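All values derive from a computational prediction rather than experimental measurement. Just so you know, these numbers use all the heavy atoms, side chains as well, and skip hydrogens, waters and symmetry mates.
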Amino acid sequence: MNYYIGLALSSGSSMDSGVAVLDEDNNLITVDKLYKMDDIMFFFDNFPSLKESHIAVSLAWDRTMLEGKWRVLGKPYQMVSTNENMPNRDNWTQRYSTRGSDYFKSLTEKVSGINRFELYLTRQSMNLNSGFLERSSGDCKFLQQTLKLEWGLDLPQNMMPMSQLEAIVGALLAKENAKNPDNVKVVSQFRDLNVIDVTLRPSVDIFEKPAALPCSLASNVSQEPACCAGRTSTRSCALSSVALKKQKAGNKSNRSADSDTPAQVTLSD
């Protein structure tokens, strides 16, 4: 069995890096938070099925402190330095960190495949981006609910750390690269490893119609509501079932009230 590992690498040991492992059936084997590079190396060196694993590691942002607030804020949005009038002083145009690049390159001979990916670009390509501020609580909740409802992953009800959710995105990308390589393109290269992304959103066939409609669960409903015949909405179907229950209960109470009322007898002379 093949395993698909996603690693959301942080820019430093002060921030948590998420790791997630998926199997062939999209079962979430493990999720964890790692901080130091030694912890990441320990995880991969002791993973029992490393040879049957496909790995996708995100590109970490270079959070090096620079002189001037505008350089710090503008660094993530700088394009590749092609203008001679913008010299690359103190690597202020370098957007990605080289953290762990040598170790990930050494894993190429130990795993089935390892690639890098740009997290926010992959989220856009897989329709996993939200309108909220990145890595905010709203963005975290949106990503978790989308992975749970649209991708069919068994995730808990409580909010998961953002690093773990980002690692799941990497695991899904690694699986798509292994299962459907024609839908994966090479965007660039970073430290002798390919930076990949999906061409089209992977197809997820999890929208299966239930075998029994919710209205059929009501044993005292004698007829099927009109919404069930067209299968328009589960909510309208349930509301129609409740309406039929109330109507039938009202008819039953009216019949019982009529039976308890004594019949009027007209006496003739």
Donor-acceptor contact below 3.5 Å, side chain Gln189 vs main chain Val195
no

Spacing of CG belonging to Leu59 relative to OG1 belonging to Thr98, to within rounding of 0.5 Å
11.5 Å

List the atom of Asn158, the atom of Pro156, and the distance in Å for their closest heavy-atom pair.
OD1-CB, 3.1 Å

After noting the C-alpha distance and the side-chain angles of Leu143 and Arg123, does the key distance pass the side-chain contact (heavy atoms from CB on, under 4.5 Å) rule?
CA-CA 9 Å; Leu143 181 58; Arg123 285 187 60 179; 4.2 Å; yes

Take a 6.0 Å sphere around CZ of Phe42 and say whether it holds more than 12 heavy atoms from other residues, nucleotides or ligands.
no

Mind checking the OG-NZ spacing from Ser136 to Lys141? Nearest 0.5 Å is all I need.
13.0 Å

Evaluation steps, side-chain contact (heavy atoms from CB on, under 4.5 Å), between Met1 and Glu52
CA-CA 7 Å; Met1 177 181 289; Glu52 295 81 17; over 6 Å; no

For residues Leu165 and Val169: do they belong to one hydrophobic cluster (side chain heavy atoms under 4.5 Å, members Ile, Leu, Val, Met, Phe, Trp, Tyr)?
yes

Is Phe44 close to Val111 at the side-chain level, that is, under 4.5 Å between some pair of heavy atoms?
no

Nearest 0.5 Å, please: how far is CG in Asn177 from CD1 in Ile55?
12.5 Å

Throw together a table of side-chain donor-acceptor distances under 3.5 angstrom for residues 13-20, partners on residues two or more places apart or in other chains.
| residue | atom | partner | partner atom | Å |
| --- | --- | --- | --- | --- |
| Asp16 | OD2 | Ser163 | OG | 2.6 |
| Ser17 | OG | Ser10 | N | 3.0 |
| Ser17 | OG | Ser10 | OG | 2.9 |

Side chains of Leu193 and Thr108: does their closest heavy-atom pair fall under 4.5 Å?
yes

Which residue is it: Ile114, Val184, Val186? I am looking for the one with a side chain to side chain contact (heavy atoms under 4.5 Å, CB included) to Asn194.
Val186

Where is the tightest heavy-atom contact between Ser112 and Lys51, given as atom of each residue plus distance?
OG-O, 2.6 Å

Below 3.5 Å, can you tabulate the donor-acceptor pairs from side chains in residues 25-41 to any protein atom, sequence neighbours excluded?
| residue | atom | partner | partner atom | Å |
| --- | --- | --- | --- | --- |
| Asn26 | OD1 | Lys175 | NZ | 2.7 |
| Asn27 | ND2 | Asp23 | OD2 | 3.2 |
| Asp39 | OD2 | Lys36 | N | 3.4 |

Are more than 12 heavy atoms from other residues, nucleotides or ligands located less than 6.0 Å from atom CG of Asp102?
no

Looking only at non-hydrogen atoms, find the nearest pair between Glu134 and Asp139 and report the distance.
CA-OD2, 3.5 Å

Write down the atom of Ala174, the atom of His54, and the distance for their closest heavy-atom approach.
CB-O, 3.7 Å

Could you go through Arg116 and Ile196, starting from their C-alpha distance and side-chain angles, then the distance that decides it, and tell me whether this counts as side-chain contact (heavy atoms from CB on, under 4.5 Å)?
CA-CA 6 Å; Arg116 306 296 295 267; Ile196 62 175; over 6 Å; no

Is the closest side-chain heavy-atom distance between Phe190 and Ser101 below 4.5 Å?
yes

May I ask you to test the Glu166-Arg135 pair for a side-chain heavy-atom distance under 4.5 Å?
yes

Just verifying a value: how many Å separate Met126 CE and Thr146 OG1, rounded to the nearest 0.5 Å?
11.0 Å

Cluster question for you: counting only ILVMFWY and a side-chain heavy-atom cut-off of under 4.5 Å, with indirect links fine, are Val187 and Leu200 together?
no

Hey, does the side chain of Ser58 reach the backbone of Leu9 with a donor-acceptor pair shorter than 3.5 angstrom?
yes

Atom pair CG/CZ of Leu172 and Phe117 - distance to nearest 0.5 Å:
10.0 Å

Hey, any chance Leu128 and Phe132 share a hydrophobic cluster, counting ILVMFWY side chains that come within less than 4.5 Å of each other, even indirectly?
no

Minimal non-hydrogen separation, Arg191 against Lys105, with atom names
O-CD, 4.5 Å

Considering only heavy atoms from C-beta outward, does the side chain of Arg99 approach that of Ser11 to under 4.5 Å?
no

Taking every heavy atom of Trp61 against every heavy atom of Ser97, the minimum-distance pair comes out as O-CB, 3.7 Å

The criterion is ring-ring contact (aromatic ring centres under 6.0 Å, His included); which residues satisfy it with Phe142, sequence neighbours excluded?
none

Are Met160 and Trp151 connected in a single hydrophobic cluster, I mean Ile/Leu/Val/Met/Phe/Trp/Tyr linked by side-chain heavy atoms less than 4.5 Å apart?
yes

Just wondering, more than 12 heavy atoms not from Arg201 lying within 6.0 Å of its CZ?
yes

Rounded to the nearest 0.5 Å, what's the gap from CZ on Phe47 to NZ on Lys110? Could you check?
14.5 Å

Given Glu24 and Asn2, is the side-chain contact (heavy atoms from CB on, under 4.5 Å) satisfied, shown in steps?
CA-CA 6 Å; Glu24 294 283 356; Asn2 293 326; 3.1 Å; yes

Hey, does Asp197 have a side-chain heavy atom less than 4.5 Å from the side chain of Glu118?
no

Given the rule that I, L, V, M, F, W and Y join up when any side-chain heavy atoms are under 4.5 Å apart, are Leu22 and Ile5 in one cluster?
no

